[in-house]
Each structure stands twice: as C-alpha cells, then as structure tokens.
Amino acid sequence: MRRPEPARLAPAEATAPFALDSADVTTGTEATKLPAQYNPGEVEARRYEAWVAAGYFRADAEAAAPSFTIVIPPPNVTGSLHIGHALDHTLIDALVRRRRMQGYNTLWLPGMDHAGIATQNVVERELAKDGLSRHDLGREAFVDRVWQWKAESGGRILGQMRRLGDSVDWSRERFTMDAGLSRAVQTMFKRLYTDGLIYQAERIINWCPRCLTALSDIEVEHSDDDGELVSIRYGDGDGEIVVATTRVETMLGDTAVAVHPDDPRYAHLVGKQIELPLTGRRIPVVADPHVDPEFGTGAVKVTPAHDPDDFEIGRRHDLPSLVIMDERGVITAGGPFQGLDRFEARPAVLAALRAEGRVVAERRPYLHAVGHCSRCGTTVEPRLSLQWFVKVEPLAKAAGDAVRDGRVRIYPQEMAARYFDWVDDMHDWCISRQLWWGHRIPIWYGPNGEVVCVGPDDAAPAGEGWRQDPDVLDTWFSSGLWPFSTLGWPDDTPDLRAFYPTSVLVTGYDILFFWVARMMLFGLYAMSDRQPEDAVPFRQVALHGLVRDQFGKKMSKTRGNTVDPLDWIDRFGADATRFTLARGATPGGDVAVSEEWVAGARNFCNKLWNAVRFAQLNGVGADSAADSAGLPPASSLTAVDRWILSRLAAVTAEVDALFDQFEFAKACDALYHFAWDEVCDWYLELAKPALAGAAGLAGPVQAGNGLAGNGPGDTAADATRRVLGEVLDRLLRLIHPLLPFVTEELWTALTGRESVVIARWPGQVADGAAESLPVLPTDPAAETEISALMRLVTEVRRFRSDQGLRPGQQVPARLTGIATTSLADHESRIRALLRLSEPGADFSPTATLHAEDVTIELDTAARIDVEAERKRLAKDLAAAEAEIQGVERKLANASFVERAPAEVVAKNRARLAAAQQEVARLTERIAALPGAAADAPNDSGERPA
RNA sequence: GGGCUCUUAGCUCAGCGGUUAGAGCGUCCGGCUUACACCCGGAAGGUCCACGGUUCGAACCCGUGAGAGCCCACCA
C-alpha cells in the first residue's frame with residue numbers, strides 16, 4: 001500500500017550563507033531521493049571502489065599534518081578472514097576514519113603474513129589430497145606451490161577487506177616475504193648476529209615429530225592430559241633407587257640417576273654406578289641441587305638427550321647424551337624396541353620392566369601437563385638439536401622498560417601485567433625452523449667449518465663446499481619487524497620518517513606475546529638510534545578480545561558455531577556486521593555475537609536511512625545541511641531545537657572521549673541511543689508540527705501557538721529545517737567511522753557534497769591539521785524544559801496504556817504542571833505526540849507543568865478503569881514512600897550529614913522533598929478516584945516546608 | 001604449581017563507593033500515527049554468587065568460601 005508522496009517544497013532558494021569549507025565543497029549534484037529501505041548490497045561495492053579511486057585512503061609522506069599510523073596485524077595467508085579479523089579491522093577502520101576526518105595524515109597500512117609453518121601445513125594438506133608430500137616435489141617446486149597458494153588466499157583476503165570497507169592505503173600493501181621485507185629480515189639478522197644476539201647452539205628444543213621442525217616455547221600449548229606415573233626400581237645388588245616417570249620409554253636413554261646432595265637416604269649411593277634395567281648398562285648416581293627431595297622418591301632418572309632439565313643436569317655432571325629417538329619419534333636405541341613409535345614403545349617398555357619385576361607402583365590416570373604443537377596438536381617431543389637462538393634478555397629489558405615508563409601504553413591496563421610477566425622472564429628464542437616456507441637463514445657454512453652471516457648487500461660466498469643453512473626463520477621473526485620493515489627500513493625513507501612510530505597497534509590479546517612483544521623487542525633495537533620516545537614501534541596498544549557466539553562460547557569448527565563475515569555482509573550489510581562487532585568491543589573483552597544482534601544493527605542502519613529520508617521529504621536539502629555557522633541565532637530557535645543541538649554537542653564530546661579510550665562498545669551505545677531514541681523518537685516527532693506547517697503537509701502553522709513564536713510561520717519552520725539538517729549532517733559524520741557505507745550514502749544525499757570520508761569531524765580535531773566545525777551551543781535550560789515535556793508525554797501515554805485506551809482516543813484527563821515554560825508553548829507538539837486531534841476539555845493550555853511534577857488531572861466523568869488506576873497509583877505511592885523512608889533514614893544519620901559531601905546531602909534533601917510532594921499528589925489522586933473509600937492511604941499533612 | 005579475570009534481568013553484557021542498578025535481544029500488552037512494521041507506544045522481569053569485614057553509605061573496597069574462564073609453567 002503505497003502512500004502518495006507528499007508534495008515537496010522546492011528547497012528555499014539556496015540563499016543560505018553557509019560557510020562551506022573546501023573539503024566539503026558541493027559537487028553540484030542535487031540531493032537524491034531515497035527509497036524506503038536501505039539496501040546495503042547495492043551501495044557498498046560502488047562506494048568502496050569510488051573511495052579508492054578518489055584516493056581518500058592514500059597517505060602522503062610529505063604532508064604537513066601530523067600523522068596517524070596503524071599497521072594492520074597481517075593476516076596469515078592460510079585461507080580467508082574469519083570473524084575475529086572482521087572485529088579487528090572494524091576497530092582499526094573506525095579509529096583510522098575518525099583520524100582522517102580530524103585532519104591527520106592518516107595511514108592504515110595493509111598486508112599479509114607468510115605464516116611459515118601454518119601455511120606450509122595447509123599446502124602440505126592440499127598436496128596430501130593428491131597423495132603427495134612436499135618431498136615428492138622437492139624444495140623449489142614446493143615453495144613455488146606455496147606462492148601459488150599465497151596468490152589465491154591473498155586475493156581472497158584482499159577481497160574480504162574491501163567488502164568490510166577497510167580504508168587501507170592500497171599503494172602501500174606489503175607481504176612479509178616480499179623483496180623489501182626480506183631485505184629487512186636479513187639486515188636484522190645480521191645486525192643481531194654481529195652484536196652477538198643471535199647464536200647457534202645445541203639445546204633441547206621443542207620438536208614437533210609431525211611437522212618435523214623446532215618450535216619456540218610459545219608455539220607449544222600445554223594441556224593437562226591423562227598419563228601414568230610409573231615408579232621403577234633401578235639398580236640391584238649394587239644398591240637400589242626407585243625413580244618415577246611419565247615417559248617410561250625415555251629410560252632407554254638414561255645416563256644417570258640424580259638425587260639431592262643433602263638427601264641422607266641416598267648419600268651412600270652418590271658416585272656409585274647402578275644398573276639400568278633392560279639395557280645392561282650401568283649409570284652413575286649424581287647429586288644435583290635441582291632435585292626436589294620432597295617430590296616422589298627424591299630420585300630422578302636423567303635423560304639428557306630428551307628432557308631440558310635432564311640436559312642441564314647432564315651438562316653439570318658431564319654426562320653423555322644418548323639419543324634414542326629420531327625426528328619422527330621412532331625409537332632408535334636398538335634392542336627389542338628398535339623401530340617402535342614413541343607411543344608404542346611406552347607400553348612395550350613398561351611391559352618389559354614389569355616382566356623383570358622392576359615396576360614398584362603405577363599411578364593412573366595421572367594428570368599432568370603435556371605440550372602440544374600449536375599448529376597440529378601433536379605431542380611435542382623435547383629434542384636435542386642444533387638450532388639458532390635470539391638472546392632475548394637485553395632486548396626484553398628494553399621492551400619492558402618502554403611500557404614501564406609509559407612510552408607505550410597498553411589498553412586495557414590490566415593486560416600490561418601479563419606483558420611484564422612474559423617479557424621479564426623470557427627464555428632465549430629459538431628462531432630456526434626445519435621448514436621450506438619462510439626466510440632462509442642467511443648463514444653460509446664453508447668447507448673448512450667457516451660460518452658466514454650474509455647481509456642483504458653482501459655477496460654470498462661462492463665456491464666449492466659452501467652451502468647455505470637449510471632452515472628458515474620463525475615466522476614471528478619477520479612479523480616482529482612489521483611496523484618498520486613495511487615503511488622501508490633499513491633505509492631511511494620518507495615513509496619511515498613520517499609514519500614511525502606508528503600510533504596504535506590494535507590486535508587481539510591472544511597474540512600479545514607472539515607478536516606485540518616481538519615488535520617491541522625488535523623495534524626498540526632497530527630504532528635505537530632514535531630518541532627513546534620515538535624508537536617504540538607504537539605509542540598505544542589497544543587489545544581486544546575474541547569473538548564468541550551468543551552463549552559466550554568460543555567459536556570453533558568442531559562446535560559448528562563459526563561465522564563467516566562474508567555471510568553476514570551479504571545478508572545484513574558490512575555496516576551491520578561492523579556495528580555488531582564494535583558494539584560488543586569493550587577493551588580487552590570478548591565479544592558475543594549472534595544473528596539477532598546483526599539484524600538489530602541492520603535495523604539501526606535502516607533507522608538512520610529513514611531519518612534522512614524523512615528530512616528530505618520535509619524539505620531539508622543541501623541548503624539546510626551545513627555548518628552551524630549557518631544556524632539561526634539561538635534566540636530564534638525553539639526550545640526543542642536548542643535541546644537537540646545541546647544534546648548533540650554532549651554526545652559528540654562523549655564519543656570523542658570514548659574513542660580516545662578505545663571504548664568502542666560505549667561509543668556505539670551512545671550513538672545508537674542518541675540517534676534512535678533522542679533524534680528519531682523524540683526530536684523528529686517534536687519537529688513534525690513545525691515542519692508540517694512549512695511543507696504544507698498538515699496545514700499552516702497556527703499563528704500564536706508559540707512555536708518559536710515570532711514572525712511568519714515559515715521562519716520557525718525554516719529554522720527547524722536547518723537545525724534538522726545540521727543535526728543529521730553532524731550525526732552522520734559522527735557515525736561514519738563505524739558505519740561507513742550508509743553514512744556515505746546518506747550524507748551525500750543529504751548534503752549534495754562529495755564524500756563524508758573526507759568531511760570534517762564534528763568533534764576535536766588535530767592541532768593545526770584542519771579547521772574544526774563550529775562548536776554547537778549547549779543549552780541546559782532547553783534540556784530541562786524538554787525533558788519535562790518528555791516526561792509529561794510519557795506519563796500520559798502510560799496512563800492511557802494502563803487504562804486500556806486506544807491511542808486514537810482522547811485522554812480523559814486534564815494536564816497540568818511545568819514551571820520552565822508555558823504548556824501552551826508546546827501545545828501543537830503535545831497534541832501531535834499524544835494524537836490529540838481536537839481541542840477540548842482534554843487539554844488546558846493555560847495550566848502550567850512542573851518539571852518535577854507532571855500531573856494528569858482526571859476527568860472524573862470519563863469512563864476509566866478505576867481499579868487499574870488505583871493499582872498504578874498505589875504502586876507509585878509505595879515506591880515514593882519507600883524512597884522517603886530510605887532518604888529520611890539517611891538524613892537522620894548525623895554522621896552522614898557531617899561526613900558526606902555537601903552536594904550529596906543536598907541531593908538527598910531534594911530527593912526527599914520531591915518524594916514527599918509525590919506522595920501528597922498521589923494521595924490526593926487516589927482520594928479523588930470515583931468510589932474512593934476512606935481507607936485511602938493517608939500521609940498528607942507531611943508536606944515539606 | 002604460579003598469576004590474572006569473571007559470577008548483575010530468561011540470554012549476552014554495561015555499571016566498579018553516594019539517584020528508584022541499566023542496555024540490546026527475548027517476553028507480555030496496545031497500535032497500519034502520511035520517515036521507517038528492519039516501525040511506534042506501554043509494561044513485566046533483578047535478596048547485583050554466599051558469608052564476614054571496612055565505611056555515615058557497598059553491586060562497587062577488603063577477607064573467606066563456592067562455581068566459571070584465561071594466561072604462564074622444565075617438577076620427574
């Protein structure tokens with residue numbers, strides 16, 4: 001049922017003397033008419049490509065304006081973006097878009113991470129589908145294959161970023177393995193190597209027998225797994241010691257038993273050799289302070305080649321390291337267990353020991369922490385091997401200090417504690433990986449044992465017998481350089497000068513250690529020639545949480561509750577998807593989302609859409625939507641107009657502050673409620689009478705009804721149109737960072753100007769970067785007046801609803817009260833909001849309304865549900881009486897009056913007075929109800945002075 | 001084994017020392033009101049995990065206990 005479009009007034013001759021700023025210059029296109037519903041699919045792609053084409057996202061290294069930089073947490077090229085990326089990108093984009101509008105020279109640098117082990121695993125899985133392994137292809141062909149994968153996956157990711165609306169500078173896109181970054185990696189490696197901060201050593205490292213590579217400590221995930229603790233009797237006639245272990249098979253590699261030096265139980269055995277079961281070998285008993293005499297039997301079997309602790313003990317006592325397993329976890333010790341997998345060997349060895357009567361006790365299940373490969377879940381095997389390490393202590397010290405002394409601030413602050421825990425107690429970082437996909441370690445070995453580190457500008461050693469280290473670097477080595485390698489480091493480029501340090505790092509708390517800490521280590525080291533405050537990789541770190549489902553459960557493929565951001569974008573729009581995520585994003589907090597949330601966000605977009613549509617239908621055009629320099633003087637505005645401008649000013653300031661604190665959820669909430677409740681539900685409704693008068697929709701504005709009063713009807717209407725235009729204009733700018741697409745569509749339609757992307761921000765702006773918009777006037781008096789009006793209307797509606805009256809029906813009541821203004825001033829608005837079509841006894845314009853005391857005087861002749869009314873009044877009365885009791889008790893307390901702040905006491909006094917009035921009023925009304933008996937609660941006579 | 005966090009309306013969460021503890025979604029009631037039914041109006045729903053303490057005053061601070069989660073960890 002289409003309704004006839006109301007005739008639209010020609011926009012009042014564009015006489016408006018509004019000061020347009022150059023960035024906002026109109027394109028001359030006339031404001032377009034909008035359909036009744038927002039259709040995101042239709043506008044998003046078109047808008048995005050237009051933005052890119054216009055170059056809005058390009059940063060300028062030579063610009064005079066202060067810069068604002070964010071480097072993207074580079075997504076892994078393992079597939080496509082998940083909802084967590086969408087959250088991250090939404091928050092970054094919101095920050096970046098606001099800064100751009102504030103006049104900063106803004107750079108959001110996009111790119112991707114080669115993600116060494118993760119990507120290699122993915123491609124290996126692909127190959128496995130064809131029954132191939134990487135070894136079938138050979139190193140070179142395999143790496144080619146991964147590049148091919150990277151092209152596909154990367155393309156997918158970039159497409160997703162465009163769909164999300166990410167305002168990245170595409171001209172600066174980087175990849176951790178592109179030529180420039182590889183150069184940075186090599187430079188960094190050589191520098192660290194030369195400084196003695198990279199070294200090679202034979203150590204026990206975490207080894208994944210499936211990925212066949214070393215792992216760093218943080219690539220190992222611990223979980224409490226069921227195992228069994230077996231106590232085994234070592235030795236025989238030569239003396240006995242019982243040891244306990246959860247990894248029985250490792251006893252094949254034992255080369256000692258250790259006890260505490262002060263342990264009297266074993267003192268006589270220290271230095272002796274005892275028999276190691278099953279092997280026919282004899283091993284020494286050594287005394288080592290590391291052994292805890294309280295734990296178990298106080299004796300430990302020592303397997304230097306397969307346990308980091310034991311390795312240390314072995315070093316201290318000069319024990320041999322006996323390797324009994326190969327890289328796949330298969331026993332190589334010889335004997336009956338030769339060729340068994342470690343998990344087959346375990347029961348086999350146990351059975352053999354049992355057969356020999358060596359097993360003293362078995363405890364199962366025995367819960368203990370077991371390390372797993374974070375990429376494939378395989379149980380990690382400690383393994384003795386030659387690897388490269390970064391000596392982190394000196395680097396970590398600097399990284400800790402930068403946060404301690406405030407050069408880098410972490411949000412939320414509580415997360416800093418975790419950061420310190422880690423950075424202050426970090427083991428050396430194993431950086432070599434036995435993989436093919438990644439940055440090859442720039443070390444060459446010569447025929448005579450030479451070891452040469454090759455920098456990016458060095459020629460690799462040539463000649464017979466030279467070969468490069470086959471390993472690659474941990475993927476986090478290159479991502480640790482990301483904030484400066486992407487800007488051209490090691491060269492002193494204009495980009496590096498302009499955009500480093502970056503401003504904010506926005507990422508999930510889950511990679512605080514993996515990534516954030518590494519960037520700190522490397523950034524401070526690489527930039528150590530700068531002033532300390534400018535050496536940091538970023539000034540702020542804003543951590544967000546994980547995206548969870550509507551029950552707060554972690555999303556996982558096995559649980560089947562994952563969300564594909566593209567699916568939501570397709571069905572609800574990018575803006576709705578973004579808003580849903582941002583709305584849940586408290587600093588460091590996880591975000592619970594569900595489809596209903598997204599639908600709600602979609603509805604919000606539609607609400608904005610219709611607000612603008614309404615404005616347009618009411619003659620708000622490009623001439624009305626301008627800077628507030630063009631606003632009529634406050635004296636010629638209605639209280640309603642002054643109220644909404646005042647509220648807008650407050651909300652603008654609030655949103656600014658919230659953005660600065662990374663309080664996205666609160667910013668969204670503030671905008672949502674302001675836009676929906678205050679602008680749409682109240683302001684538009686309150687403005688209707690005036691606008692109707694002007695647009696000829698409902699007859700002329702009646703003279704003398706007090707609408708802003710003075711002058712011919714349309715002056716008031718015109719003023720309201722301008723205010724409405726101004727409010728929507730600014731509101732759209734304010735929401736744009738979060739909802740870039742709808743706001744662009746609406747803002748350009750409303751104002752006829754080029755793009756809101758480059759429009760001025762309505763709040764604070766960068767120092768000297770741009771002129772700000774004129775500050776809106778605040779008006780506390782108008783706010784008080786309108787909130788009284790709102791209360792009045794609400795009260796009547798409530799009454800009507802209680803009474804079961806149809807909204808179209810007249811209120812059988814008389815309205816009184818409101819001190820700040822005459823009720824008559826608002827008659828047309830009250831009539832409109834309450835749908836009082838005809839004047840009559842139901843409305844008495846001469847009465848006054850009291851702000852704190854909105855009164856409905858019942859017309860006793862009307863048919864009302866007396867019982868319902870009595871019930872309601874009784875309930876209100878009870879609440880008011882409870883209030884009085886509480887406050888009176890408080891005020892009766894001498895300590896409170898003396899010790900509480902004066903304003904708190906005053907506030908309570910006011911509350912008491914208000915409540916007492918309320919009680920009196922309610923009592924009267926109850927008494928006045930038809931058929932009121934004498935038993936009406938009677939507290940009157942207690943009126944305050 | 002250390003460290004951190006959480007427990008508030010049916011669900012997901014705000015609030016973190018002074019209003020009658022809030023929001024979204026859900027629920028109930030009433031409405032095709034010429035921007036929007038992706039809407040409008042109204043309402044119901046909470047011993048703020050328990051117990052103790054500090055305070056004039058506690059959902060908020062401090063203990064203790066019970067549940068849940070996260071991070072770190074070389075205790076065999």
Side-chain angles (χ1 to χ4, degrees), chain A residues 1 3-6 34 36-38 204 217-218 222 229 243-247 258 290-292 295-297 299-303 307-312 368-369 382 414-415 417-418 421-422 425 427 509-510 512-513 548-552 572 583-584 586 588-594 596-597 599-600 602-618 665-666 669 672-673 680-681 684-685 688 692 697-698 794 797-802 804-808 832-833 835 879-880 882-883 886-887 890 893-901 903-904 907-908 910-911 915:
Chain A
M1 24 144 267
R3 292 154 184 154
E5 290 251 317
L34 303 170
Q37 214 165 68
Y38 174 52
I204 298 273
D217 289 345
I218 52 172
H222 294 270
L229 183 68
V243 298
T245 180
T246 53
R247 292 159 66 217
H290 173 264
V291 178
D292 175 4
F295 188 91
T297 58
V300 187
K301 61 191 272 307
V302 181
T303 324
D307 184 279
D309 276 337
D310 295 3
F311 181 74
E312 290 305 318
H368 67 305
E414 303 90 78
M415 292 283 183
R418 281 193 197 180
D421 282 350
W422 193 72
D425 185 30
H427 297 296
Y509 59 71
D510 53 327
L512 183 62
F513 304 138
R548 294 168 177 274
D549 73 8
Q550 71 261 48
F551 305 113
F572 301 102
R583 203 178 184 190
T586 57
D590 290 345
V591 182
V593 295
S594 80
E596 287 82 64
W597 287 201
R602 188 252 340 252
N603 297 352
F604 180 51
C605 295
N606 197 236
K607 193 70 185 172
L608 294 173
W609 182 265
N610 274 286
V612 171
R613 195 163 151 260
F614 169 82
Q616 286 202 329
L617 293 172
N618 283 283
K666 286 180 189 165
D669 220 48
Y672 181 91
H673 284 114
C680 291
D681 289 347
L684 294 187
E685 295 304 323
K688 272 177 183 174
L697 296 178
T794 301
R797 284 171 174 166
R798 189 165 80 131
F799 172 78
R800 204 145 50 177
S801 180
D802 280 353
L805 300 170
R806 313 229 122 218
L833 286 166
R835 321 222 157 270
E883 169 91 359
V887 180
K890 221 181 217 183
N893 185 333
S895 311
F896 170 72
V897 178
E898 277 164 33
R899 308 181 59 171
E903 72 261 26
V904 173
K907 211 148 114 192
N908 278 280
R911 269 175 62 196

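Throughout, a chain's letter reflects where its sequence line sits, starting with A, and its residues are numbered from 1.
Taking the C1' atom of each, B:rU64 and B:rU54 are spaced 15 Å apart, rounded to whole Å. Nucleotides B:rC11 and B:rU27 place their P atoms 15 Å apart, quoted to the nearest Å. B:rU47 and B:rC62 have their C1' atoms separated by 22 Å, given to the nearest Å. To the nearest whole angstrom, the two P atoms, one in B:rU5 and one in B:rA14, are 15 Å apart. For the C1' atoms, the distance from B:rG52 to B:rA44 is 35 Å, rounded to whole Å. One C1' atom belongs to B:rG15, the other to B:rG41, and the distance between them is 28 Å to the nearest Å. Spacing of P atoms, B:rG22 relative to B:rC38, comes out at 30 Å, to the nearest Å. Taking atom P in both B:rG45 and B:rC39, one finds a spacing of 26 Å when rounded to whole Å.
Rounded to an integer number of Å, the gap from CD of A:E414 to P of B:rG3 is 18 Å. B:rG69 atom C1' lies 10 Å from atom CG of A:D590, rounded to whole Å. What separates CZ of A:F614 from P of B:rC36 is a distance of 10 Å, to the nearest Å. Whole-Å rounding puts the A:Y509 OH to B:rU5 C1' distance at 10 Å. Protein atom CZ of A:R798 is 6 Å distant from nucleotide atom P of B:rA43, rounded to whole Å. Here the C1' atom of nucleotide B:rC74 and the CZ atom of A:F311 are 13 Å apart, to the nearest Å. Protein atom CD of A:Q550 is 9 Å distant from nucleotide atom C1' of B:rU12, rounded to whole Å. Summarising the geometry, the separation between CD1 on A:I204 and P on B:rA76 is reported as 16 Å, rounded to the nearest angstrom.
Residues A:F614 and A:K688 form a side-chain contact, since some pair of their non-hydrogen atoms from C-beta on lies under 4.5 Å apart. Taking 4.5 Å as the limit, some side-chain heavy atom of A:R583 sits within range of a side-chain heavy atom of A:Y672. Side chains of A:N908 and A:V904 form a contact here, defined as non-hydrogen atoms less than 4.5 Å apart. A heavy-atom distance below 4.5 Å is found between the side chains of A:R247 and A:P382.
Among B:rG24, B:rC40, B:rC71, the nucleotide with an atom closest to any side-chain atom of A:D681 is B:rC40. Side-chain atoms of A:D217 lie closest to B:rA73 of the nucleotides B:rA73, B:rG18, B:rA76. Counting only heavy atoms from C-beta on, A:C680 has its side chain closest to B:rA35 among B:rC40, B:rA35, B:rA14. Candidate nucleotides B:rG41, B:rC36, B:rC75 were compared by shortest atom distance to the side chain of A:S801, and B:rG41 ranks first. Checking B:rU12, B:rA43, B:rC74 against the side-chain heavy atoms of A:P308 singles out B:rC74 as nearest. Closest approach to the A:A592 side chain among B:rA23, B:rC25, B:rU12 is made by B:rU12 (side chain taken as heavy atoms from C-beta onward). Proximity note for A:A611 (side chain, C-beta onward) versus B:rG42, B:rC11, B:rA35: the nearest is B:rA35. Checking B:rA76, B:rG42, B:rG18 against the side-chain heavy atoms of A:F896 singles out B:rG18 as nearest. In the set B:rG18, B:rA23, B:rA35, the nucleotide with an atom closest to the side chain of A:P901 is B:rG18. For A:K890, taking side-chain heavy atoms from C-beta onward, the closest of the listed nucleotides B:rG41, B:rG24, B:rG18 is B:rG18.
For B:rC40, the OP1/OP2 oxygens have a side-chain nitrogen or oxygen of A:K607 closer than 4.0 Å. Residue A:N603 has no polar side-chain atom (N or O) positioned under 4.0 Å from OP1 or OP2 of B:rC36. Put simply, A:K688 has a side-chain N or O that comes within less than 4.0 Å of OP1 or OP2 on B:rA35. Taking 4.0 angstrom as the limit, A:H427 places a side-chain polar atom (N or O) nearer than this to OP1 or OP2 of B:rC74.
No engagement by A:L512 is indicated, since no non-hydrogen atom pair under 4.0 Å with the nucleic acid exists. When heavy atoms are screened at a 4.0 angstrom cut-off, A:H673 is found touching the sugar-phosphate backbone but no base atom. In this structure, A:A615 reaches neither bases nor backbone, as no heavy-atom distance under 4.0 Å exists between it and the strands shown. Within the 4.0 angstrom heavy-atom criterion, base atoms lie near A:E685. Using a 4.0 Å heavy-atom criterion, one finds that A:F604 contacts no nucleic acid atom at all. Backbone-only contact: A:N893 has heavy atoms under 4.0 Å from sugar-phosphate atoms and none from a base. Across all strands, A:A900 comes closer than 4.0 Å to base atoms (heavy-atom distances). Among the protein residues, A:Y38 comes within range of no part of the nucleic acid, since none of its heavy atoms lies under 4.0 Å from any strand. Within the 4.0 angstrom heavy-atom criterion, no nucleotide atom of any strand lies near A:W609. Residue A:T297 is classed as having no contact, given no heavy-atom separation below 4.0 Å to the nucleic acid.
When Watson-Crick and G-U wobble pairs are counted only if both distances are under 3.5 Å, B:rG17 pairs with no nucleotide at all. Nucleotide B:rG41 forms a Watson-Crick or G-U wobble pair with B:rC29, both donor-acceptor distances falling under 3.5 Å. Using the Watson-Crick or G-U wobble rule with both distances under 3.5 Å, B:rU12 pairs with B:rA23. Nucleotide B:rC61 is matched to B:rG53 when pairs are restricted to Watson-Crick or G-U wobble geometry with both distances under 3.5 angstrom. Under the Watson-Crick or G-U wobble criterion, with both distances below 3.5 Å, B:rU47 has no partner in any strand shown. As the counterpart of B:rA35, no nucleotide is assigned, since no Watson-Crick or G-U wobble pattern has both distances under 3.5 Å. Pairing for B:rA68 goes to B:rU5, judged as Watson-Crick or G-U wobble with the two contacts each under 3.5 Å.
Under a 3.5 Å cut-off, the side chain of A:W597 and the backbone N or O of A:A592 do form a donor-acceptor pair. When atom types are taken as modelled, the side chain of A:D425 and the backbone of A:D421 share no donor-acceptor pair closer than 3.5 angstrom.
The line from OH of A:Y38 to CG of A:N603 is 13.5 Å long, rounded to the nearest 0.5 Å.
Between A:R548 and A:N908, the one whose closest nucleotide on RNA chain B sits nearer the 5' end is A:N908. Mapping A:A244 and A:F513 onto RNA chain B by nearest heavy atom places A:F513 at the nucleotide closer to the 5' end.
Contact annotation: side chain of A:R602 to base of B:rC38, donor-acceptor pair present below 3.5 Å.
In this pair, A:F513 and A:W422 present their aromatic rings parallel. The plane angle is below 30°, not in the 30 to 60° band.
Between A:A880 and A:A915 the shortest heavy-atom distance is O-CB, 4.1 Å. Considering all non-hydrogen atoms of both residues, A:V243 and A:V300 come closest at CG1-C, 4.0 Å.
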